[in-house]
Amino acid sequence: MDYNFQEIEKHWQEAWAKANAYKVSNESEKKPYYVLDMFPYPSGAGLHVGHPLGYIASDIYSRYKRLQGFNVLHPMGFDSYGLPAEQYAIQTGQHPEITTEENIARYISQLKKIGFCYDWDRQVKTCDPDFYKWTQWAFIQMFNSYYDTQLDKAQPISKLIAEWEANDPTWKTLSEKEQQERLMNYRIAYLADTKVNWCPQLGTVLANDEVSEGLSVRGGYPVEQRVMRQWCLRISAYAGRLLEGLDRIDWTESLKETQRNWIGRSEGAEMRFAIKGQDEPFTIFTTRADTVFGVTFMVLAPESEYVARVVTEDQRKAVDEYLDVVKHRTERERIADRKVSGVFTGSYAINPLTNTEIPIYISDYVLSGYGTGAIMAVPAHDSRDYAFAKHFNLPIIPLIEGADVSEQSFDAKEGKMINSGFLNGLEVKDAIKKMKEYITETGLGRVKVNYRLRDAIFSRQRYWGEPFPIYYKDGMPYTIPESELPLRLPEVSQFKPTEDGRPPLGNAKDWTYQGYPLELCTMPGFAGSSAYYLRYMDNHNDKALVDKQVNAYWGNVNLYIGGTEHATGHLIYSRFWNKFLYDLGYICKDEPFQKLINQGMIQGRSNFVYRYIGEGAPANQFISFNLIDNPEYKGKVQPIHVNINLVHNDILDVDAFRAWMPEYRNATFIYADGTTDVDNPYIGMASPKQYICGWAVEKMSKSMFNVVNPDDVVEKYGADTLRLYEMFLGPLEVSKPWDTNGIDGVHRFLRKLWGMYENVTDAEPTAEELRSLHKLIKKITWDIENFSFNTSIPAFMIAQTELAALHCDKKAILAPIAILLAPYAPHIAEAMWERCKEIGNRIEEIGFVIDAEWPRWEEKYLEESTQKYPVQFNGKVRFTIEVSKTMSKEDVEKVVMNDEQTAKFLNGQAPKKVIVVPGRIVNIVL
RNA sequence: GCCGCGGUGGUGGAAUCGGUAGACACGAAGGACUUAAAAUCCUUUGGCCCGAAACGGCUGUGUGGGUUCAAGUCCCACCCGCGGUACCA
């Protein structure tokens with residue numbers, strides 16, 4: 001009976017489909033369990049072997065939960081709005097919807113081949129009007145809400161209006177436009193002039209998490225700072241709750257830490273400094289209130305509102321010049337060029353504690369968006385202030401005992417204060433506290449918590465995204481009625497911006513609502529992915545994003561599996577979006593993803609051939625990897641990426657290589673054994689000469705010819721082997737290269753296991769067989785509960801070896817093994833189960849193995865009558881003894897001490913101490 | 001710079017509570033089968049040393065210290081690699 005995996009997999013996939021086996025109902029007596037994968041962006045390249053890693057893990061867990069009797073929601077969908085499809089559309093004129101649909105179809109066919117237990121009826125696509133209707137709906141709710149800082153939650157903005165109507169006499173005197181402008185300062189979704197990351201090449205604004213080191217994450221184009229009127233989401237209002245919520249969810253510490261850093265809470269103080277000759281003071285933010293005695297100058301951000309107030313006539317020209325230079329620097333230039341720069345404003349502030357006059361400067365090392373955009377500079381204890389002071393020759397006053405500030409600043413928050421009036425002698429920590437009390441009491445300032453987290457910029461000047469349900473009247477935005485959603489994305493004559501530089505929607509005909517112009521921007525990528533998990537629960541509902549009862553049944557996601565790359569993007573936005581919907585009472589949980597596991601990346605494993613480029617070398621002669629360090633070749637070979645499909649176990653298929661590209665048609669080789677010609681008496685047969693390729697771990701990419709397509713693996717080995725092997729590669733969370741070299745072993749295991757099901761019998765199992773089985777049940781259960789899938793495969797292999805040695809053919813053993821294997825390799829497990837079903841009648845006649853009951857292990861089968869004790873002398877194992885399991889500690893010691901081998905190792909000495917750890921080990925100390 | 005994660009054979013990795021380091025798999029070497037090869041099966045496989053043999057010795061989890069009867073595992077210091085992040089006052 002051959003293991004015909006192609007037939008088995010096709011047969012069972014069809015059988016599941018026919019029986020609707022993965023249909024999930026919202027009405028069930030069973031307990032719910034929600035397992036979610038991060039849905040993919042359907043790119044043109046299709047899935048490579050790295051994508052399914054997390055999907056396989058979540059599929060195993062879903063199937064395990066199902067076998068344990070849970071009603072498991074495990075859906076899949078597509079994050080189908082995004083830049084690549086639109087860039088492609090601009091280049092080719094092809095509508096992004098067409099390419100997107102093609103890509104989705106390809107993804108689905110690839111995913112279906114791997115045998116995931118998705119309920120495809122629950123599929124969502126972010127570009128589907130039935131889906132983005134609810135993205136637009138949520139935006140309207142945000143527009144119509146404000147953040148009530150008293151209640152610490154979002155509230156309908158009508159509440160705020162009612163309050164003003166009742167208590168604020170000026171409200172009624174305002175024109176409608178003025179009222180709208182005032183409300184704009186409170187809405188969760190609001191329009192504002194903000195400094196944005198503008199990417200000229202992409203023609204759009206980008207969010208902070210879409211920019212890395214001054215370049216766009218997508219495409220790597222330069223990004224510059226610009227002030228533009230944009231839609232923003234008031235996510236900063238949620239900073240405290242986003243931070244606090246992390247303590248209640250089961251995510252990895254590193255991911256929580258990344259979010260904590262991104263939210264960036266810092267406790268400090270706001271302080272007012274008087275400006276010499278002016279009545280109005282200005283305010284700075286500091287976390288080092290203890291260092292006020294060492295403030296020797298002040299610095300404003302170039303964009304600070306204070307700049308206009310403090311620049312003197314004498315300095316105006318110099319300041320204008322500086323501001324001009326700063327304005328034209330891109331973010332990237334600013335990061336690359338850390339030279340100290342700045343300009344004196346001509347004004348002085350008064351240090352409120354020393355009453356000295358201190359100069360006010362402008363420099364771009366101070367950021368306008370953080371704190372108040374103005375700082376007090378303490379050069380002795382801040383490295384940036386120090387560099388500035390050295391450059392402009394400003395005084396540096398050390399404030400901490402023993403700090404040497406002649407070469408560099410002393411930034412550490414430790415030591416005893418000096419030169420600091422009433423703070424002298426205090427530890428830094430206490431000094432900060434005391435100064436905070438002082439400024440609060442004297443009215444100089446107040447204690448303040450600042451967050452680094454900024455509001456999310458929500459407009460994109462792009463075509464392929466959700467249209468805003470917004471029109472403009474008298475220059476002010478209004479939402480279109482919810483009853484008219486979805487507002488469909490219009491057809492446009494071209495996907496580029498208009499001739500006069502308006503976003504692509506400006507190319508649409510009649511893009512108006514009741515004669516008023518509609519918003520031309522679209523929403524960013526994270527809009528559609530922020531609440532998609534809710535929609536899976538109830539994706540056919542046209543009355544609500546999700547029905548309240550349905551939401552109450554499923555709750556939130558119990559297990560979310562995906563990559564870390566979303567740590568500061570999707571995973572923050574989604575938490576914010578969810579908390580907002582929770583505030584308004586639409587959903588029942590304030591955190592969307594209870595447990596989150598990050599799967600590692602699968603990297604590529606590239607192969608190389610080495611072209612000989614020494615003097616007089618033949619045109620295309622390649623040197624086997626093991627020879628390239630030989631003196632005659634060293635330094636004279638050029639590594640060339642070779643398509644890994646031409647290589648097996650690092651051995652090159654030389655004929656396939658010659659056929660690969662025209663230039664290699666006449667390639668010659670120096671083989672591993674140093675010979676050059678095929679010296680084989682069996683003409684026309686494969687050569688025993690081997691050309692060994694070099695290898696390296698790199699990113700999986702087309703240009704390195706190291707992309708492995710899961711379809712090819714499924715074709716060659718089957719989906720079950722692919723699934724098992726991806727798990728076998730290593731722990732789920734770590735990144736590792738895809739190395740096909742080991743896949744044969746896993747495939748061999750399945751074949752051997754399958755062979756054991758040829759003639760299943762009804763015979764009674766032996767104690768040994770039961771022990772193997774129950775050991776396996778215990779191990780696999782533990783592994784799945786702990787997401788240690790990689791260690792399960794060896795456990796199966798060991799069980800197979802043990803049972804094969806016992807010639808086990810018993811249903812009582814083999815049927816439960818089919819269940820244990822079902823989460824990992826569902827197709828072959830069904831076939832194995834079927835073989836068992838045909839025999840006898842003791843096991844319940846359940847249709848599919850996926851609906852069986854997860855076996856329980858019983859300790860009684862695991863118990864062995866004897867116990868092996870390794871015997872150590874001074875911690876070194878010398879031999880082992882085997883004694884009765886029930887033997888007492890004292891008796892074990894006696895047996896060991898009476899053993900003749902012990903006498904040998906004691907060599908006449910008396911042991912100082914004998915340690916017996918029951919059930920584990922004996923250690924004799926000499 | 002800061003934060004996080006990691007470092008175990010030729011390779012991927014295992015060791016779940018401080019208790020026999022290297023499970024399992026790949027690769028390699030040798031053998032069986034074969035005209036040959038592939039496939040399959042069997043044996044060996046961390047390093048070094050002794051030996052006819054071994055249930056022989058030594059050494060060994062990045063480095064150096066420490067705690068312990070016992071350390072890959074705990075503590076201290078350091079080195080290296082990977083990932084994230086930054087003029088955040």
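Naming: A, B, ... by sequence-line order, numbering from 1 per chain.
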With a non-hydrogen cut-off below 4.0 angstrom, is Glu257(A) in contact with a base, only sugar-phosphate, or nothing? sugar-phosphate
Closest approach to the side chain of Asn261(A), judged atom by atom: which nucleotide of rG19(B), rC3(B), rG57(B) is it? rC3(B)
At under 4.0 Å, does any side-chain N or O of Arg878(A) touch on OP1 or OP2 of rU20(B)? no
Under a 3.5 Å cut-off for both contacts, is rA14(B) paired Watson-Crick or G-U wobble with anything, and if yes, with which nucleotide? none
Remember a base hit wins even if backbone is also touched, and classify Lys779(A) as base, sugar-phosphate or nothing at under 4.0 Å, heavy atoms. base
Do the charged groups of Glu267(A) and Lys448(A) touch, with an N to O distance under 4.0 Å? no
Phe388(A) versus Pro379(A): any side-chain heavy-atom pair under 4.5 Å? no
Whole angstrom is fine here: how far is it from CZ in Phe879(A) over to P in rU20(B)? 16 Å
Kindly indicate, with the supporting measurements, whether the criterion ring pair (Phe, Tyr, Trp, His ring centres under 6.0 Å) is fulfilled by Tyr824(A) and Phe796(A). CA-CA 11 Å; Tyr824(A) 295 84; Phe796(A) 280 118; 5.5 Å; yes
Salt bridge check, Asp783(A) against Lys779(A): does any charged N sit closer than 4.0 Å to a carboxylate O? yes
When you compare rG66(B) with rA71(B), how far apart are their C1' atoms, in angstrom units rounded to a whole number? 11 Å
Mind checking the C1' distance from rG57(B) to rA23(B)? Whole angstroms is fine. 25 Å
In whole angstrom, what separates Asn874(A)'s CG from rU68(B)'s P? 15 Å
Distances under 3.5 Å only, N/O to N/O: pair up the protein atoms with those of nucleotides 8-13 of chain B.
residue, atom, partner, partner atom, Å
rG12(B), O2', Leu729(A), O, 2.7

Which word best sums up how the rings of Phe273(A) and Phe282(A) line up, parallel for under 30°, tilted for 30 to 60°, or perpendicular for over 60°? tilted
Classify Arg748(A) by what it touches in the nucleic acid, base, sugar-phosphate, or nothing, heavy-atom distance under 4.0 Å. sugar-phosphate
If we call it a pair only when both distances are under 3.5 Å in a Watson-Crick or G-U wobble match, what pairs with rC5(B)? rG81(B)
When you measure from the side chain of Met797(A), which nucleotide among rA15(B), rA89(B), rA25(B) comes out closest? rA25(B)
Identity of whatever pairs with rC33(B) - Watson-Crick or G-U, under 3.5 angstrom: none
Answer yes or no: is there a side-chain heavy-atom contact under 4.5 Å between Thr283(A) and Glu270(A)? yes
Nucleotide paired to rA53(B) in any strand shown, Watson-Crick or G-U, under 3.5 Å: none
note: Asn786(A), atom CG; rU16(B), atom C1'; distance rounded to Å ~ 7 Å
With a 4.0 Å cut-off on N to O distance, would you call Asp385(A) and Arg288(A) a salt bridge? no
Does Val925(A) reach a base, just sugar-phosphate, or nothing at all? Heavy atoms under 4.0 Å. sugar-phosphate
Of the candidates rG19(B), rC88(B), rA23(B), the side chain of Arg384(A) sits closest to rC88(B)
Should rA86(B) form a Watson-Crick or G-U wobble pair with both distances under 3.5 Å, which nucleotide is its partner? none
Between rG19(B) and rA70(B), how far is it from one P atom to the other, in whole Å? 14 Å
Quote, to the nearest angstrom, the C1' distance that separates rG83(B) from rA77(B). 24 Å
Does rC74(B) adopt a syn or an anti glycosidic conformation, taking syn as a chi angle within 90° of 0? anti
Checking rC24(B), rG19(B), rA14(B) against the side chain of Thr791(A) (C-beta onward), the nearest is rA14(B)
Selected nucleotide, minimal atom distance to Gln901(A) side chain, candidates rC24(B), rC55(B), rU20(B): rC55(B)
Taking atom C1' of rU85(B) as reference, at what distance in whole Å does atom CZ of Arg454(A) sit? 14 Å
N/O donor-acceptor pair, side chain Arg920(A) with base rC17(B), under 3.5 angstrom: no
Using the C1' atom on both, measure rG22(B) against rG27(B) and round to a whole Å. 16 Å
Quick one, Val871(A) with Thr880(A), criterion side-chain contact (heavy atoms from CB on, under 4.5 Å). Give me CA distance, side-chain angles, the key distance, then yes/no. CA-CA 5 Å; Val871(A) 180; Thr880(A) 56; over 6 Å; no
Just checking Tyr725(A) against Trp738(A), ring centres under 6.0 Å apart? yes
Gap between atoms NZ and P, on Lys752(A) and rU40(B) respectively (whole Å): 9 Å
Please state the P separation for the pair rC3(B) and rA86(B) - nearest whole angstrom. 16 Å
Where does rG46(B) fall, syn or anti, if syn means a chi angle no more than 90° from 0? anti
Mind checking Arg265(A) for me? I need base, sugar-phosphate or nothing, with any heavy atom below 4.0 Å counting as a touch. nothing
With a 3.5 Å limit on both atom pairs, tell me what rG27(B) is paired to, counting Watson-Crick and G-U wobble, or say none. rU45(B)
Spacing between Tyr370(A) atom OH and rC88(B) atom C1', to the nearest angstrom: 5 Å
With a 4.0 Å cut-off on heavy atoms, is Val366(A) in touch with a base, just the backbone sugar-phosphate, or nothing at all? base
Among rU20(B), rC87(B), rC24(B), find the nucleotide with the atom closest to the side chain of Tyr365(A). rC87(B)
Interatomic distance at C1', rU11(B) relative to rG65(B), whole Å: 32 Å
Distance, rounded to the nearest Å, where Ile798(A) contributes CD1 and rA15(B) contributes C1': 12 Å
Of all the nucleotides listed (rA89(B), rU20(B), rG19(B)), which has the minimum atom distance to the side chain of Asn923(A)? rG19(B)
Which is it for Phe789(A) and Phe728(A) under the ring pair (Phe, Tyr, Trp, His ring centres under 6.0 Å) test, yes or no, and what are the steps along the way? CA-CA 7 Å; Phe789(A) 304 117; Phe728(A) 186 62; over 10 Å; no
Taking for Thr372(A) and for Val922(A) the nucleotide of RNA chain B with the nearest heavy atom, the one nearer the 5' end belongs to Val922(A)
Do other residues, nucleotides or ligands put more than 12 heavy atoms under 6.0 Å from the CD atom of Glu407(A)? no
Closest-nucleotide mapping onto RNA chain B: is Ile924(A) or Ile375(A) further toward the 5' terminus? I mean the 5' end. Ile924(A)
Return the value, rounded to whole Å, for the distance between atom CZ of Arg288(A) and atom C1' of rC88(B). 15 Å
Same-atom distance (P) from rG10(B) to rU63(B), integer angstrom: 14 Å
Using the six-membered ring wherever Trp is involved, compare the ring planes of Phe5(A) and His747(A) and label them parallel, tilted or perpendicular (cut-offs 30° and 60°). perpendicular
Does a side-chain N or O from Thr287(A) land closer than 4.0 Å to OP1 or OP2 of rC88(B), or not? no
Touch class at under 4.0 angstrom, heavy-atom based, for Lys876(A) against every strand present: sugar-phosphate
Scan Ser363(A) against the nucleic acid and name what it touches under 4.0 Å (heavy atoms): base, sugar-phosphate only, or nothing. nothing
If you check the Asp364(A) side chain, which of rU20(B), rC88(B), rC87(B) turns out closest? rC87(B)
